[in-house]
**Q** 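Have a look at this one before I ask anything.
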2 protein chains.
Amino acid sequence: MGVTIKQIAETVGVSAATVSRALNGLPGVGPRVRKRIASEAARRGYSPDAHARALVTGRVPFLALVVPDITNPFFPAVARGAEEEAALRGCSLLLVDTGDRPERLEHALDLLSSRRVAGLVLAVPAANGQAARIAGRVVMAGVDAPPRSRVPVVGVDDRLGGRLVGRHLAALGRRSLAFVSGPARDRSSRLRLAGLRDEIPRDLLGPVSHGRWTVESGREQGRALFRSSSPPDAIFAANDLLAIGVAQAASDAGLAVGRDVALVGYDDVEVAGLASVPLTTVSQPKLELGRVAARTLLDAIDGLDTPLPALLEPRLVVRRSCGSAPDFATREVP
Amino acid sequence: MGVTIKQIAETVGVSAATVSRALNGLPGVGPRVRKRIASEAARRGYSPDAHARALVTGRVPFLALVVPDITNPFFPAVARGAEEEAALRGCSLLLVDTGDRPERLEHALDLLSSRRVAGLVLAVPAANGQAARIAGRVVMAGVDAPPRSRVPVVGVDDRLGGRLVGRHLAALGRRSLAFVSGPARDRSSRLRLAGLRDEIPRDLLGPVSHGRWTVESGREQGRALFRSSSPPDAIFAANDLLAIGVAQAASDAGLAVGRDVALVGYDDVEVAGLASVPLTTVSQPKLELGRVAARTLLDAIDGLDTPLPALLEPRLVVRRSCGSAPDFATREVP
DNA sequence: GTCGCGAACGCAAACGTTTACGTACCCCGG
DNA sequence: CCGGGGTACGTAAACGTTTGCGTTCGCGAC
């Protein structure tokens, strides 16, 4: 620990420059000296100081992933994908959990300007004012870019996801379909609903309600639905947690999910497959989201022509909450 | 971006040293110059280059958390705790997901020796051979240290957790208790069983079985139990995923969890509270685990007298899988 | 024998900070 | 008026690398 290039140079009897070249595999050093340097470096357990190197080369071997809450089952997979891709390019991954505190996002931007990281993968919304400071070193993952900014976005096609659900539900022959959702201002809410509308007959769609992206909110919205005079016999929840809440409300009302009411979620978090009645849902390619975001970012940093914003494809996972019952197994629909 | 201390020094008309002192709040610079420097720095958007600073001070503002699989619902909370604590001390958190590949652990150790990070929080087991390279800059979180190494450990008291379950189960008046567990060689399996034994009458404990820490394994072990001639009426699963699997097996066998069979899990991952019948389980203080681990590590790095290895206390969370039925609410037992 | 040329290596500057040390200056007590 | 001490600054070295440029040397071609 703490052995420098100079020390190696001294014991081998060459200059520091030669050691540097030898260890980096650059030409300009003879095979004999190269061997001696290599073995001496290995013997002393040398590894180059990253900061000195970064100082002169200008390259920083770090990316940061900024998430609102790593505890939310959606993000760990994104993190894993991003880390894998970063590792492929010799980078490590910083994790910044904002916990919805804006100061933490500011801190992440500071990481950039102090050159602690080479780039940022933002999985949280950013304000316009911040766009200027981040040009070329940031990509958004799963969230919109600040308006009128040139920040590349990689996301998942929410409208397509909605269409997949619509197609599936339309084929089921239910009479009344409700849409249970998160905040009305969230684009993903709106796009998933729009996709749904694309694929179902007009008179099938019943009540549309909004709330937060939580189990509790799902339970409340579900309760309201089942209390109504004409309760729906099919429900699309724009989120798995909401769907779980709706399932609880159904259970409270004495209704059996899958028989009395068809239920579809969104996201395919782990809970979905393990719920009391396994949830039919739309699976987001979370791992790939992280992977593509990291790749796009690294390309942008390396000055490659920034590829067009990418829209990944979600997948419908049919389980038992709509009546079809392939046991606990998962049947996928392309 | 890219404005240096010298440039500021030049436009203000002082030396670089003075700028450095002013910006760091050190004495030795008059109030007038200090103001001018501060405002000029703010105007140009200066922030100090982390690598140059690290190079001369020797301090690195990074910690790394090494986990086997960030997708496992146990670790995100640990990460969050570690990151919060690190942020309090001005450090950011690297995430290394080994995916059980040993080379990735080696890579994490390389992070240390190349001084990319100041220390490591290891949530994966390490070999003895690696202990030497990491002295004083590593703490283990939730796993054992390599044998005969002086690496500090912060963990959760598994035996106490087992005792909590034992006490709860003993008070229920069941006749036959089975223990369903992960690999027999894992210490946590053994300790949780030992704690259970501490608190229940000898003749209550029935079959003890082992497998992997997965839902499938739980389902298999559960199936075996319910097929036997004298099936247990209480089951302690050493892991929530196992418990979920056991619940599935019970359901398959036509048994109602909470009535026909009491079931207790371990870990309190999110699924536990959302399962078909909410799971009574032992909650690990995951957030605190990460927090304390990070704190211990930072103290050790700062040369403070390394505090004794810490054992955190788990908590019993009573839900409905043992018969008591406080709705979906959670009643905690101290 | 000389010229030239490439290979192998050394020299030294540079990256952006921090910090020990030196120096000028001011103020006050003698 | 002089000396001493404190304050406000500047100078320069150092941290560990990388890299452009120069030097030396050996060797083949003429």
Side-chain angles (χ1 to χ4, degrees), chain A residues 1-38 40-41 44-62 90 110-118, chain B residues 1-38 40-41 44-62 90 110-118 301-302:
Chain A
M1 197 101 62
V3 33
T4 86
I5 221 177
K6 291 187 184 176
Q7 298 172 357
I8 305 228
E10 191 173 5
T11 64
V12 173
V14 294
S15 83
T18 304
V19 177
S20 174
R21 281 187 280 255
L23 262 28
N24 289 346
L26 298 177
V29 36
R32 314 222 353 142
V33 211
R34 196 179 287 269
K35 290 292 178 197
R36 284 170 48 211
I37 291 179
E40 178 66 12
R44 308 263 293 256
Y46 167 81
S47 74
D49 183 299
H51 301 101
R53 174 175 289 183
L55 189 55
V56 48
T57 62
R59 308 199 161 280
V60 186
F62 291 126
D110 287 347
L111 287 181
L112 243 200
S113 45
S114 64
R115 284 200 11 179
R116 275 195 268 265
V117 302
Chain B
M1 195 98 62
V3 33
T4 86
I5 220 177
K6 291 186 183 177
Q7 298 172 358
I8 305 232
E10 191 172 6
T11 64
V12 174
V14 293
S15 82
T18 303
V19 177
S20 174
R21 281 188 281 254
L23 262 28
N24 290 345
L26 297 178
V29 35
R32 315 221 354 142
V33 211
R34 195 179 288 268
K35 290 292 178 198
R36 284 170 46 212
I37 292 179
E40 177 66 12
R44 307 265 290 260
Y46 167 80
S47 73
D49 184 295
H51 301 101
R53 176 175 288 184
L55 189 55
V56 48
T57 63
R59 308 199 160 280
V60 186
F62 291 128
D110 287 347
L111 288 180
L112 243 199
S113 43
S114 64
R115 285 199 7 170
R116 275 194 269 263
V117 302
I301 291 173
D302 288 354

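Quick caveat: nothing in here was measured; it's all calculated off a predicted structure.
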**Q** Measure CD1/A:Ile5 against C1'/D:dG16 and give the value in whole Å, please.
**A** 8 Å
**Q** Whole Å only: how far is the CG atom of B:Leu55 from the P atom of D:dT18?
**A**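 Computing the B:Leu55:CG to D:dT18:P distance gives 12 Å.
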**Q** Return yes if some donor-acceptor pair links the side-chain N/O of B:Arg115 with the main-chain N/O of B:Ala54 below 3.5 Å, else return no.
**A** yes
**Q** Is there a donor-acceptor pair under 3.5 Å between the side chain of A:Ser47 and the backbone N or O of B:Ser113?
**A** yes
**Q** Is the closest basic N to carboxylate O distance between A:Glu10 and A:Lys6 below 4.0 Å?
**A**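 Between A:Lys6 and A:Glu10 there is no salt bridge, as every charged N stays at least 4.0 Å from the carboxylate O atoms.
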**Q** Can you check the A:Leu23 CG to D:dT18 P distance for me, whole Å?
**A** 8 Å
**Q** With the side chain of B:Val29 defined as its heavy atoms from C-beta on, choose the nearest nucleotide among C:dG16, D:dT17, D:dC9.
**A**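 When the side chain of B:Val29 is considered, D:dC9 is the closest of C:dG16, D:dT17, D:dC9.
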**Q** Could you give the CG-to-P distance, from B:Asp49 to D:dC15, as a whole number of Å?
**A** 18 Å
**Q** Output yes when at least one side-chain N/O atom of A:Ser15 is less than 4.0 Å from OP1 or OP2 of C:dC11, else no.
**A**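 A:Ser15 to C:dC11 OP1/OP2: no side-chain N or O under 4.0 Å.
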**Q** Both B:Thr18 and A:Tyr46 contact DNA chain D. Taking the nearest nucleotide for each, which residue is further toward the 5' end?
**A**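 The residue whose closest nucleotide sits nearer the 5' end is B:Thr18.
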**Q** Rounded to whole Å, how long is the line connecting atom CG of B:Leu26 with atom P of D:dA8?
**A**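 Checked: the CG to P distance equals 13 Å.
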**Q** Verify side chain to side chain contact (heavy atoms under 4.5 Å, CB included) between B:Gln7 and B:Thr4, making sure each step is shown before the conclusion.
**A** CA-CA 5 Å; B:Gln7 298 172 358; B:Thr4 86; 3.7 Å; yes
**Q** Calculate the interatomic distance between B:Arg53 atom CZ and D:dA14 atom C1'; express it in whole Å.
**A** 17 Å
**Q** For A:Gly28, which contact category applies under a 4.0 Å heavy-atom criterion: base, sugar-phosphate, or nothing?
**A**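 Here A:Gly28 touches the bases of the nucleic acid.
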**Q** Measure from CZ on A:Arg21 to P on C:dC9 and round the result to the nearest Å.
**A** 9 Å
**Q** If I take atom CZ in residue A:Arg36 and atom C1' in nucleotide C:dA8, what distance separates them, rounded to the nearest angstrom?
**A** 13 Å
**Q** Below 4.0 angstrom from OP1 or OP2 of C:dT18, is there any side-chain N or O of B:Ser20?
**A**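 For B:Ser20, the contact criterion (side-chain N or O under 4.0 Å from OP1 or OP2 of C:dT18) is met.
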